[in-house]
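This report concerns only the one structure given below.
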Amino acid sequence: MKHKATFSKDLLKWFEQNKRQMPWRETKDPYKIWLSEVMLQQTQVNTVRAYYTRFIERFPSIDILAETPIDDVAKYWEGLGYYSRIRNFHQAIRDVKEHYNSEVPNDPTTFLSLKGVGPYTQGAVMSIAFNHPLPAVDGNVYRVFARLDNDHFDITNSKARRHFESKVMEVMPEAAGDFNEALMELGATVCTPKAPLCMLCPVQSHCVAFEEGSVLNLPVKLKKVKKIVQQYKVLIIQKDGQIIIEQRPETGLLASMWQFPMFEMDTHVSDIEEQMDMSLFIEDTPIVKTKHQFTHLEWQLEVYIAHTKDIIPENYQLISVEDKNLYNFPVSMTKIFNYYIDNNHQV
DNA sequence: AAGGCGTGGTA
DNA sequence: TTACCAAGCCT
């Protein structure tokens, strides 16, 4: 970010003048602030408002909540989603009554140990209620700092939270709670994911992504692609002291590379013989089972020794083990080849 | 450490 | 319709 020295002051000034009214901003009660933070996890402000008000009217204090059975409490969470939140919160509140004299612990480490309190909730409650100088990094903060610093760090990476926490701490002012709230408020109302209001942004002059025109590309969030599992039988077919290989198609996965003939796991021997136009004797048990990982899929391979006396069709190649360096094999096949040699399965 | 957990809103 | 997003945490 640019002008690091004045960033926090500019943001706080904007927040003073633009913060939205919310029920939980009308109190300094740590219990109520905590409740609001739990409700706001993965849930938008407009959804939370009504739930928060009803909940606090019914359970205005830690003692009252702690003394109510969980099933009665859970009724006040119906429709809000992520229901483990209320079970964990209720358990935590009972712990607070039991072990901390019904007062929210004014100690970040103790507070973090409570059920349902993670790094975000710890930072948010401790800074807003007690002004501890801790970061409270949520999705908004990822986005705001990724843009301020034109930072292309992948936010799905497990190291992302710590990465952005350190950025927050570099500019953390004395008013920690207000600053954390201001960052989230900015992300929720101005520095939004799809249609950010950069022309209204109070820290536009600090924003490198705005300068570079990369705002809409940030933050970087790599797509999670489900790995497809493919299971194959791999045949090492022996004939007259040599073995059979084939070349893969010119396009696609492992284009034009060589491999042992392989067939989907549930292919019957008769179908294999028909496809290869050869008669085969395939041994009953695989000599080895291996896995091979690609970016987007996984091969699970069972390797079988087979024998034939037939003429080899033209689309196959009969080679000697010593000639394997003359052909281009992917790692998966090289491993099988080496296993085959090292374990004396040769003819 | 990657997946599961809920619901409502938006493009 | 589908995909993605929204103040995360637990296992």
Side-chain angles (χ1 to χ4, degrees), chain A residues 11 15 19-25 27 30 32-52 55 74-93 95 111-129 134-147 154-165 168 176-197 216-229 293 295-296 298:
Chain A
L11 182 63
F15 184 55
K19 67 172 159 185
R20 296 171 290 175
Q21 293 298 311
M22 299 177 192
W24 50 91
R25 284 184 175 156
T27 181
K32 296 177 181 175
I33 292 168
W34 181 8
L35 172 68
S36 73
E37 291 300 339
V38 175
M39 284 188 165
L40 285 163
Q41 289 169 12
Q42 299 290 286
T43 311
Q44 300 194 358
V45 167
N46 285 338
T47 306
V48 167
R49 279 201 167 90
Y51 281 89
Y52 172 87
F55 196 99
K75 291 296 289 181
Y76 288 77
W77 208 273
E78 273 187 359
L80 200 50
Y82 285 131
Y83 299 102
S84 64
R85 286 186 295 177
I86 188 54
R87 291 193 297 274
N88 291 338
F89 183 61
H90 189 246
Q91 179 60 57
I93 288 296
D95 286 348
F111 185 65
L112 179 63
S113 73
L114 296 167
K115 265 292 188 192
V117 177
Y120 166 77
T121 305
Q122 177 198 31
V125 175
M126 291 293 100
S127 67
I128 295 170
L134 295 171
V137 172
D138 69 341
N140 289 309
V141 178
Y142 284 154
R143 187 168 59 252
V144 168
F145 274 86
R147 288 170 174 174
D154 170 24
I155 65 169
T156 67
N157 187 305
S158 59
K159 294 174 182 169
R161 183 176 50 77
R162 290 181 175 284
H163 176 78
F164 286 98
E165 281 176 350
V168 172
D178 285 345
F179 183 63
N180 282 333
E181 281 200 88
L183 284 174
M184 291 186 278
E185 190 86 346
L186 184 74
T189 63
V190 176
C191 195
T192 54
K194 291 177 182 175
L197 306 172
L216 291 179
N217 301 328
L218 293 166
V220 173
K221 188 173 188 174
L222 296 185
K223 253 189 178 177
K224 293 176 197 169
V225 179
K226 258 193 181 173
K227 256 192 191 175
I228 296 168
V229 175
Q293 302 290 337
T295 310
H296 56 299
E298 173 184 313

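Just so we're on the same page: letters track the sequence lines, and every chain starts at 1. Note that these values count all heavy atoms, side chains included, but never hydrogens, waters or copies made by symmetry. Everything quoted here is computed from the prediction, not taken from an experiment.
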(request) With the side chain counted from C-beta on, respond yes when A:Ile86 and A:Tyr76 share a heavy-atom pair under 4.5 Å apart, and no when they do not. (result) no
(message) Taking 4.0 Å as the cut-off, does a side-chain nitrogen or oxygen of A:Gln42 come that near to OP1 or OP2 on C:dG8?
(response) yes
(request) Select one nucleotide: of B:dG6, C:dA7, C:dG8, the one nearest the side-chain heavy atoms of A:Arg85. (result) B:dG6
(message) To the nearest 0.5 Å, what is the distance between CE on A:Met126 and OG1 on A:Thr121?
(response) 10.5 Å
(request) Could you check if a side-chain atom of A:Val48 sits within less than 4.5 angstrom of a side-chain atom of A:Trp24, using non-hydrogen atoms only? (result) yes
(message) Work out how far the P atom of B:dG4 is from that of C:dA7, and round it to whole angstrom.
(response) 23 Å
(request) Examine A:Trp77 together with A:Phe89 and report whether their ring centres are nearer than 6.0 Å. (result) no
(message) Can you measure A:Lys159 atom NZ to B:dA1 atom C1' for me and round it to whole angstrom units?
(response) 12 Å
(request) Mark yes or no for whether A:Arg85, through its side chain, and A:Gly116, through its backbone, hold a donor-acceptor pair below 3.5 Å. (result) no
(request) Look at the side chain of A:Tyr83 and decide which nucleotide, out of B:dG6, C:dC10, C:dA7, has an atom nearest to it. (result) B:dG6
(request) To the nearest Å, give me how far apart CD (A:Glu37) and P (C:dA6) are. (result) 16 Å
(request) May I have the distance from A:Tyr120 (atom OH) to C:dG8 (atom C1'), rounded to whole angstrom? (result) 9 Å
(message) Regarding A:Ser36, tell me which of base, sugar-phosphate or nothing describes its non-hydrogen contacts under 4.0 Å with the strands shown.
(response) nothing
(request) Please round to the nearest 0.5 Å and tell me the distance separating atom OH of A:Tyr120 and atom CD of A:Gln41. (result) 8.0 Å
(request) Answer with base, sugar-phosphate or nothing: what part of the nucleic acid does A:Gly187 contact at a heavy-atom distance below 4.0 Å? (result) nothing
(message) It should be established whether A:Thr121 places a side-chain nitrogen or oxygen under 4.0 Å from OP1 or OP2 of nucleotide C:dC9.
(response) yes
(message) In whole Å, measure the gap between the C1' atoms of C:dA6 and B:dA1 for me.
(response) 23 Å
(message) Give me the distance, rounded to whole Å, that separates B:dG6 from C:dT1 when you measure between the P atoms they each carry.
(response) 24 Å
(message) In this structure, how many angstroms lie between the C1' atom of B:dA11 and the CG atom of A:Leu216, rounded?
(response) 14 Å
(message) Over all strands shown, is A:Thr43 touching base, sugar-phosphate only, or nothing at heavy-atom distances under 4.0 angstrom?
(response) base
(message) Side-chain N or O of A:Lys115 versus OP1/OP2 of C:dT11: is the shortest distance under 4.0 Å?
(response) yes
(request) Answer with base, sugar-phosphate or nothing: what part of the nucleic acid does A:Arg143 contact at a heavy-atom distance below 4.0 Å? (result) sugar-phosphate
(request) Answer with base, sugar-phosphate or nothing: what part of the nucleic acid does A:Arg49 contact at a heavy-atom distance below 4.0 Å? (result) nothing
(request) Could you tell me whether A:Val117 contacts a base, only the sugar-phosphate backbone, or nothing, with contacts defined as non-hydrogen atoms closer than 4.0 Å? (result) sugar-phosphate
(request) For A:Lys194 and for A:Gln44, find the nucleotide of DNA chain B with the closest heavy atom, then tell me which residue's nucleotide is more 5'. (result) A:Gln44
(message) So, OP1 or OP2 of C:dC10: does either fall under 4.0 Å of a side-chain N or O from A:Tyr82?
(response) no
(request) Hey, which sits more toward the 5' end of DNA chain C by its nearest nucleotide, A:Gly116 or A:Asn140? (result) A:Asn140
